[in-house]
Student: 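Right, I'll just put the structure down here and ask away after.
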Amino acid sequence: MNYDTEAIRRDFPILERKVYGKPLVYFDNAATSQTPRQVIDEINRMYTQEKANVHRGVHCLSQEATASQEATRERVRGFINADSVEEVIFTSGATESLNLVASSYGQLLEDGDEIILSIMEHHSNIVPWQLLQSRKKVKIKVIPIDAEGRLDLDAYRGLFTDRTRIVSVCHASNVLGTVNPIKEMAEYAHSRGAVFCVDGAQGVPHAKVDVQDLGADFYAFSSHKMYGPCGVGVLYGRRELLEKMPPYQGGGEMIGHVSFSGTTWAELPYKFEAGTPDFVDISALKKAIDYIESIGMDRIAAHEHDLLVYATEKMQAIPGVHIYGTAPDKCALISFLIGNAHHYDTGILLDRMGIAVRTGHHCAQPLMESLGIEGTVRASFAMYNTLHEVDEFIAALTRVAAMLS
Ligand code: 7TS
C-alpha cells in the first residue's frame, strides 16, 4: 500500500487553512503536531456524552468515563510495550513527567550522589534536577557532544563514579535532531548500578518505542507532540522503582486512607495521580495512537526520513545556510541559520510566506551556549508533510537568504 499523504492530510482539518492568504506549510511539529479529526471527535464525544469525574462515581457516566480513561492506559502500555498498566502514569506533559522523576526519585538520593545529564537537554530535563539541588547536595555532570551533534560516549562512560545514581537524557534532541543510542547507554548505566531515565518527547512521535527493549527505567513524553490532545503526558516507570518512590503531589485519589494520625498511599499508578486528571484528553489520546498505528510507525518514520534527506540536501545548496546537527541518525528536524542573520528575522520572513517554523533557543540554552549561538531556526516534519511543501519551503528560504545576506 502506498503512503497516501493526501488521504492523511484530509484527516487534519487545520491543514486546510491559509495564513496571509497562502496555504499553510506547517513545519513546527517538534513544538506541537496537529490533531486528526478522529481525536477531535473523541474530545467532542467525551464532552457531549461522557463528562463525569473518573474513579469516583457509582453512576453510569462516571463508570463510562473511567473506562474510557483506563482504556487509554492499556493502549499506551501496548504502544510503548510496558509490562503492566500500573507502570503507566498520566501527567500533564513530558515536563511534569520529568519533574515527577526528579522530585520523587530524587527524594531517594543522598547528599554526594551524582546525576548525569547531557548538554543537549531541553530545560525540562535540566531545571527539575537543579531544583532537587536546592533540597539535596547532589552533583550534576554533563555529557558533551562532538562536532556532528552526537553524544560523546567515551566522555559519558568517564563521568561515572560509584556515586552515580541516575542518568537522564533525551531520546532525540529537539534542536539537533540527534537520536541517541539509548539502549547502549542504558546498558552501561545499569552495569554501573545507575537508573536510566529517557526524555522521550521527541522520541515517541517519530519511531517505535519499546521501553523494555531500550532498557529505560523511566520514559517521559507528551501527547500533543504525537497528534494527541494538549494537556496530557505520560510517565512510564519500572514498577519496582515506582513502588519505592514517595508520592509526587498530595490530594484526592492518590491515597489509601487519610487520617490526621497518618495517611497511606493508593496502589500504582494512582499513587502518582493526585486530583482530577484530564480524563477527556487522556481518553482521546488513544485515538491518536489508533491513528498512528493505522498508518504504521515504521511507514511514518520512513516518510519523515525521506523529507529530512530531501530537505537537508536542498538546504545545503542554498548559499549562506548552515545546518546545526549532522548526526547520521536524526529525527525529522533541521536547525539552521543563514549567515549572520538573526534567527527571528528568518522566521518572520518565512511566516509571511506561509511557512511556520520555530525560532529561538528552543528551551536548550546550555546547548546554544556550547554551540556559541543564541538560537536557530528550526523546521520539523510530521507524517502529513509533503515533498511539495519542502519545495515551497526551499523556494521561500532561497528568497529569504538572498534578502538577508
Ligand atoms: N523534552 C524535549 C526533548 C522537548 O522537545 C520538549 C518540548 C519537552 C521535553 C517538553 O515538552 P512539554 O510538552 O512538556 O512542553 N519541546 C518544544 C520545542 O522544541 N518547541 O516547543 C516545545
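Every number for a ligand or one of its atoms is a count from 1 in the order of the listing. Note that the structure is predicted; figures quoted are calculated from it, not measured.
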Student: Should Phe218 and Val198 count as side-chain neighbours, where that means a heavy-atom distance under 4.5 Å?
Tutor: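 They are not in side-chain contact.
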Student: Please work out whether any backbone atom (N, CA, C, O) or any side-chain heavy atom from C-beta onward of His122 is under 4.0 Å from ligand 1, and answer side chain, backbone, both or neither.
Tutor: side chain
Student: So is Arg378 close enough to ligand 1, meaning a heavy atom under 4.0 angstrom away?
Tutor: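 Within the 4.0 Å threshold, so yes.
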Student: Return yes when Ser124 approaches ligand 1 closer than 4.0 angstrom through a heavy atom, no otherwise.
Tutor: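 The answer is yes: ligand 1 sits under 4.0 Å from a heavy atom of Ser124.
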Student: Just heavy atoms, cut-off under 4.0 Å: does Glu121 contact ligand 1 by side chain, backbone, both, or neither?
Tutor: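 Looking at Glu121 and ligand 1, no heavy atom falls under 4.0 Å.
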Student: Report yes or no: does His171 have a heavy atom closer than 4.0 Å to ligand 1?
Tutor: no
Student: Report the part of Ala31 in contact with ligand 1, treating N, CA, C, O as backbone and CB onward as side chain, heavy atoms under 4.0 Å; options are side chain, backbone, both, neither.
Tutor: both
Student: Do the rings of Tyr3 and His303 sit parallel, tilted or perpendicular, given the 30° and 60° boundaries?
Tutor: parallel
Student: Please determine which of Val234, Ile289, Val209 meets the side chain to side chain contact (heavy atoms under 4.5 Å, CB included) test together with Val204.
Tutor: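 Exactly one candidate clears the test, Val209.
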Student: Counting heavy atoms only, name the option from His362, His361, Gln202, Lys225 that's nearest to atom 17 (C) of ligand 1.
Tutor: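 Minimum heavy-atom distance to atom 17 (C) of ligand 1 goes to Lys225.
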Student: Considering non-hydrogen atoms of the protein only, which is the closest contact for atom 14 (O) of ligand 1, and what is the distance?
Tutor: Thr95 OG1, 2.6 Å
Student: Going by atom types only, do Asp329 and Asn180 share a side-chain donor-acceptor pair under 3.5 Å?
Tutor: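 There is no such pair between these side chains.
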Student: Identify the protein heavy atom lying closest to atom 18 (C) of ligand 1, giving its residue, its atom name and the separation to 0.1 Å.
Tutor: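 Ranking protein heavy atoms by distance from atom 18 (C) of ligand 1, first comes Arg358 NH1, 3.3 Å.
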Student: Check Arg10 against Arg37 and note the closest heavy-atom contact, atom names and distance.
Tutor: O-NH2, 3.0 Å
Student: If you measure only the distance, is there a donor-acceptor pair under 3.5 Å linking the side chains of Arg358 and Ser380?
Tutor: no
Student: Mind checking whether Asp199 contacts ligand 1 via backbone (N, CA, C, O), side chain (CB onward), both or neither, at a 4.0 Å heavy-atom cut-off?
Tutor: side chain
Student: Counting only heavy atoms from other residues, nucleotides and ligands, does the tally under 6.0 Å from NZ of Lys136 exceed 12?
Tutor: yes
Student: Heavy-atom contacts with Ala94 under 4.0 Å: which atoms of ligand 1 show up? List them by number with element.
Tutor: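 Contacts of ligand 1 toward Ala94, numbered from 1: 11 (O), 14 (O).
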Student: What atoms of ligand 1 come within less than 4.0 Å of a heavy atom belonging to Ser222?
Tutor: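 Atoms satisfying the 4.0 Å criterion: 11 (O), 12 (P), 13 (O), 14 (O).
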Student: Taking the six-membered ring for Trp and the single ring otherwise, decide whether the centroids of Tyr384 and Tyr26 are under 6.0 Å apart.
Tutor: no
